Amino acid sequence: MNQKNFFEFDFKGLKHFLNNDLAIEEKKVSMRSKQIWQSVYRKGLFELNSLTTLPIELRTKLNSLLSLQRPKVIKTQKSNDGTIKWLIQLFDRNEVECVYIPEKTRATLCISSQVGCTLNCRFCHTGTQALVKNLSFAEIVNQVVIAKEQINDWGEQKKISNIVLMGMGEPFYNYENVKIAVDILKDKEGLNYGPKKITVSTAGIANKIPEAAKDIGTYLALSLHAPTDDIREMIMPINKKFKIKDLVEQCKFYASVVKEKITLEYVMLRGINDSLENAKQLIKLMAQFPSKVNLIEFNAWPGVQYLPTERKDMEKFGKVIQDAGYIATIRRSRGQDILGACGQLRTESQRVRKSI
Ligand code: SAH
């Protein structure tokens, strides 16, 4: 009989499956679903036989109908700063990367939402890889499950404390899957990441921001990278469609619903967006909604045309913003030596042309 993959169910779907395909009686469906859900997402048990809380007949039946197979890690790269990048091969053989970034008191996992990307931001390596596909919610959640497996993170005290959707792709161009994936990440019976432990980063798909405020509700990061439409358009083609004015409006709304500051990401490109005049322009934007800015060291990659702003100039830029009363932090680059830093992710997957 056809096996289903556990990770392709959300909790409701799992209940439905137990009820329909396994003919478990209605009043036991919730309990059984919870047992399975918890043992996978909380304990990292991937052998249905080891689910000893389930009656043996049910285990046997489940074994033939449900698979807990996960995509495979096909390459692991460790940076000398402790960052780890995993290359994951999906069941359809497409490849996606995710990055583990340990710090002193916390560790962040950066996951992808698409294979490739449509946005073509000029400074971003992923932008040189055409969109291959949207990841399913299972493929998004699997990155977290796989990372937890790799570093054995099933204890009470989570090693991976934070999750950021800042890997490959634009989360808001894969909205439905991202939404379900975030729901699964948040589920208290499962992976149990609070909404304030998750950050969704967008290049500014303005029309999706209000929806996300209501039904995703995590921290939001906006890849702003420029204080004026002229500059932004030059480095981010998406700005032709959604202008800074629209982004400001939608960010205002997001912040009012979620009641948290929006993080503005600002990659510093020498001679492009890093003048003190630019800092002043940025302050004017920041005054319009609760925000803070993360100044990001530009990470170079083979063939890129930009240069990073020098450290001392980043600091001066940051100081102008701080002096105006706003939070500006400088994000130290991590995992650069393994092309694991922001904007460096790219896999070899290509879109397969449909044969005629
Ligand atoms: N599409 C989403 C999610 C990707 S997040 C977004 O744009 O927000 C990846 C982050 O790294 C974004 O802020 C992106 O602008 C930034 N980035 C891209 N290329 C970079 C580079 N070469 N150096 C530093 N940061 C980069």
Side-chain angles (χ1 to χ4, degrees), residues 83 85 96-99 101 108-129 131 134-135 140 143 162-175 177-178 181-182 198-206 208-209 212 216 218-226 231-232 234-239 241-242 247 250-251 254 262-270 272-274 291-309 311 314 329-347:
T83 301
K85 181 167 85 167
V96 73
E97 292 182 315
C98 75
V99 184
I101 311 151
T108 302
L109 186 72
C110 176
I111 61 175
S112 298
S113 57
Q114 297 181 313
V115 180
C117 190
T118 54
L119 295 173
N120 252 309
C121 302
R122 302 287 179 240
F123 47 83
C124 178
H125 200 196
T126 310
T128 64
Q129 179 182 14
L131 179 72
N134 280 335
L135 295 181
I140 299 173
Q143 295 171 61
N162 298 66
I163 296 176
V164 297
L165 277 101
M166 292 190 187
M168 302 163 68
E170 169 50 47
F172 288 171
Y173 277 161
N174 184 15
Y175 188 86
N177 284 303
V178 165
V182 169
I198 306 172
T199 302
V200 175
S201 178
T202 179
I205 314 307
K208 284 291 180 195
I209 295 177
I216 294 186
T218 60
Y219 279 125
L220 180 70
L222 170 67
S223 292
L224 183 67
H225 304 317
I231 305 175
R232 197 164 191 267
M234 206 164 63
I235 58 176
M236 298 180 75
I238 186 69
N239 201 74
K241 195 155 170 197
F242 301 108
L247 296 176
Q250 305 310 347
C251 283
Y254 197 97
I262 311 287
T263 302
L264 302 176
E265 292 166 279
Y266 198 101
V267 60
M268 301 213 58
L269 306 170
R270 194 186 301 176
I272 305 280
N273 63 358
D274 63 350
S291 63
K292 57 182 178 183
V293 67
N294 209 334
L295 302 173
I296 306 173
E297 262 177 79
F298 169 62
N299 298 304
W301 37 270
V304 71
Q305 55 168 317
Y306 300 112
L307 291 170
T309 299
R311 185 73 191 196
M314 282 180 88
T329 47
I330 296 184
R331 190 196 284 169
R332 231 172 6 115
S333 179
R334 301 284 306 268
Q336 242 182 353
D337 53 336
I338 54 168
L339 283 185
C342 296
Q344 291 186 315
L345 305 186
R346 186 187 195 280
T347 63

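Counting starts at 1 for both ligands and their atoms, in listed order. This is a predicted model, so every value here is computed, not measured.
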*List the closest protein heavy-atom neighbour of atom 10 (C) of ligand 1: residue, atom name, distance to the nearest 0.1 Å.*
Glu265 OE2, 4.1 Å

*ligand 1 N/O within reach of His225 N/O, cut-off under 3.5 Å*: yes

*Which residue holds the protein heavy atom closest to atom 9 (C) of ligand 1, what is that atom called, and what is the gap in Å?*
Met166 O, 3.4 Å

_Spacing of Leu224 atom CG and Thr202 atom OG1 [to the nearest 0.5 Å]_ = 11.5 Å

_Can you tell me if Ala221 contacts ligand 1 (heavy atom of the residue under 4.0 Å from the ligand)?_
no

*Atoms of ligand 1 close to Trp301 [distance to a heavy atom under 4.0 angstrom, numbered from 1]*: 22 (N)

*Could you find the nearest protein heavy atom to atom 21 (C) of ligand 1 and give me its residue, atom name and distance?*
Cys342 O, 3.3 Å

*Out of curiosity, is Tyr306 lining ligand 1, as in a heavy atom under 4.0 Å away?*
no

_Heavy atom of the protein closest to atom 6 (C) of ligand 1 (residue, atom name, distance)_ = Ser223 OG, 3.3 Å

_Which of the ligand 1 atoms, numbered from 1, are nearer than 4.0 Å to a heavy atom of Ile296_ = 24 (C), 25 (N)

_atom 23 (N) of ligand 1: the protein heavy-atom neighbour that sits closest, reported with distance to 0.1 Å_ = Asn299 N, 2.9 Å

*Out of curiosity, Tyr173 OH to Ile238 CD1, how far, rounded to the nearest 0.5 Å?*
3.5 Å

*Which atoms of ligand 1 have any heavy atom of Gly167 under 4.0 Å away?*
4 (C)

*In terms of residue, atom name and distance, what is the protein heavy atom nearest to atom 19 (N) of ligand 1?*
Gly343 CA, 3.1 Å

*asked:* I'd like to know whether ligand 1 has Ser113 as a neighbour, heavy-atom separation below 4.0 Å.
replied: no

*asked:* With respect to Gly169, determine whether any N or O atom, backbone or side chain, lies less than 3.5 Å from an N or O atom of ligand 1.
replied: yes

_Whether Glu297 lies under 4.0 Å from ligand 1, heavy atom_ = yes

*At a 4.0 Å threshold, what atoms of ligand 1 neighbour a non-hydrogen atom of Val267?*
23 (N), 24 (C), 25 (N)

*Taking N or O atoms only and a 3.5 Å limit, does Phe123 qualify as a polar contact for ligand 1?*
yes

